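Heavy atoms only: backbone and side chains are in, while hydrogens, waters and symmetry mates are out. Everything quoted here is computed from the prediction, not taken from an experiment. We count ligands from 1, going down the list as the structure has it; atoms in each ligand are counted the same way. Positions are given from 1, in the same order as the sequence printed here.
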Amino acid sequence: MPKTVLVTGGAGFIGSHTCVELLQHGYDVVVVDDHSNSSPRALERIAKVAGTPLAAVYGIDVRDRRALSSVFAAHRFDAVIHFAAKKAVGESVEIPLEYYDINVGGTTALLAAMHEHGVHRLVFSSSCSIYGNATEVPLTEQSPAGPTNPYARTKLLCEEILDDACRRLPELSVLALRYFNPVGAHPSGLLGEDPHGVPNNVMPYVAQVAAGRLPRLSVFGNDYPTPDGTGIRDYIHVVDVAEGHRTALEHLGDENGMRVFNLGTGVGSSVLDLVAAFSEASGRQIPYEITGRRPGDVAELVADPSAVARAWNWATTRDLATMCRDAWRFQELNPTGYGA
Ligand code: UD1
């Protein structure tokens, strides 16, 4: 019998790539997504790329307890992957209560439904942003948390809630994956990042500059204590993130309780490294100008990915050039994202 997995936020950037990965490995996949920041067209693309359809799709908000309970009643889930959440740092400062409501409230509603229906296995989408202003890089899972914005605080709060739930319910097995900076796209060019409006994050912004849709990149500060003065991040290919989730599912049964892992490459790249790599991948000039620092930004965030390597014998395989090449292919084939 194939295992059935519920993926919340399955139409989103990381969710859609994870659905493909699961379908290609024989899982039955059920998606819940309210499309507040995703396109239903991504769901058609998932089936096309994977060569097999999703088992079911529900256009509901995870906080709708009655609707969510009926989804659990209609399927027998072996595990849940919870992506559905808001993730824009700047927006979270503007509308913090919505972030707590959606990210924290969504997680507690999901936990309640899992409990009600006897589902005990969860992979949770966490974030390296919980580390905040890193005092030492690379960051291990034991590095102190110090979130600097409401978005990051919702992720840390969710981890703490899950930890409390695991202490109370010994049958629970939860893996929280703290992703660093997921970028890139599926190599087919059919799935990728399709932010609504002007992108907040650097990679989709650079892609639109390369395509001529935006005039130039603003590089947010070149006075950080880094070799070229621009911010350093651990960019991770979204297909590696998807593989990480499939691997996590396979290890949920190893032990019960709450475990957290970094999902990163261990390689840091500056904004200017990224600009150079994207220029090389696309064959286009990327005009940029140095502007002031963006409030809330930190100098450097790089993962120590060794814990996951030890636990699962797993590591990322795709480098920055591959991330840029795949992001550019998606941009070229889908100039206006899924809206085209
Ligand atoms: C942030 C969050 C991360 C979240 C992600 C997605 C933090 C520390 N990190 O990542 O958890 O998952 O957003 O929303 O809160 N940059 C420019 N010009 C731009 C855009 C970005 O120079 O137009 C620079 C930034 O200053 C930074 C780097 O590019 O140094 C990456 O920025 P971005 O892609 O927005 O991701 P983070 O802020 O690292």
Side-chain angles (χ1 to χ4, degrees), residues 9 12-15 37-38 83 85-94 96 99 103 124-135 137 139 143 145-156 158-159 176-184 193-210 213-236 238 241 262-265 268-278 286-303 320 323-324 327:
F13 175 45
I14 304 175
N37 191 30
S38 70
F83 292 110
K86 292 184 78 66
K87 59 145 212 171
V89 171
E91 184 185 56
S92 80
V93 176
E94 301 299 321
Y99 269 68
N103 294 8
F124 176 71
S125 175
S126 190
S127 168
C128 70
S129 64
I130 66 158
Y131 297 116
N133 256 311
T135 45
V137 281
L139 291 148
S143 298
T148 58
N149 55 67
Y151 159 70
R153 272 189 285 278
T154 67
K155 290 293 175 181
L156 183 59
C158 286
E159 283 195 7
L177 304 182
R178 296 174 176 167
Y179 331 137
F180 281 65
N181 287 56
V183 297
E193 194 169 5
D194 180 24
H196 292 172
V198 177
N200 286 306
N201 296 113
V202 70
M203 183 67 111
Y205 202 105
V206 167
Q208 293 195 14
V209 172
R213 288 186 67 197
L214 292 167
R216 74 188 65 78
L217 173 72
S218 297
V219 175
F220 296 144
N222 67 348
D223 56 353
Y224 285 105
T226 62
D228 67 19
T230 67
I232 290 182
R233 294 292 183 274
D234 184 336
Y235 297 97
I236 175 172
V238 65
V241 177
N262 287 338
L263 229 52
T265 65
S269 307
S270 73
V271 179
L272 297 183
D273 291 337
L274 184 84
V275 167
F278 206 97
I286 316 284
Y288 67 86
E289 64 180 341
I290 310 287
T291 61
R293 291 184 180 191
R294 180 171 63 177
D297 267 354
V298 299
E300 184 169 4
L301 282 175
V302 178
L320 187 64
M323 298 176 213
C324 293

A.B. asks: Students should find this: residues with any non-hydrogen atom under 4.0 Å from ligand 1. What is the answer?
C.D. replies: Lys87, Val89, Ser127, Ser129, Asn149, Tyr151, Asn181, Asn200, Asn201, Val202, Leu217, Ser218, Val219, Phe220, Gly231, Arg233, Tyr235, Val271, Arg294, Asp297, Leu301
A.B. asks: With no hydrogens and no angle check, do the side chains of Ser126 and Glu159 hold a donor and an acceptor under 3.5 Å apart?
C.D. replies: yes
A.B. asks: Using only heavy-atom distances, determine whether the side chains of Asp273 and Tyr235 contain a donor-acceptor pair under 3.5 Å.
C.D. replies: no
A.B. asks: Say whether Arg153 and Tyr99, considering side chains only, have a donor N or O and an acceptor N or O under 3.5 Å apart.
C.D. replies: no
A.B. asks: I need the single residue from Ile236, Val302, Asn181 that forms a side chain to side chain contact (heavy atoms under 4.5 Å, CB included) with Thr265. Which is it?
C.D. replies: Ile236
A.B. asks: Is there any salt bridge (charged side-chain N to carboxylate O under 4.0 Å, His left out) pair reaching into residues 221-231, and which pairs are they, with sequence neighbours excluded?
C.D. replies: Asp223-Arg293
A.B. asks: Side-chain donor-acceptor pair under 3.5 Å between Ser129 and Tyr151, yes or no?
C.D. replies: no
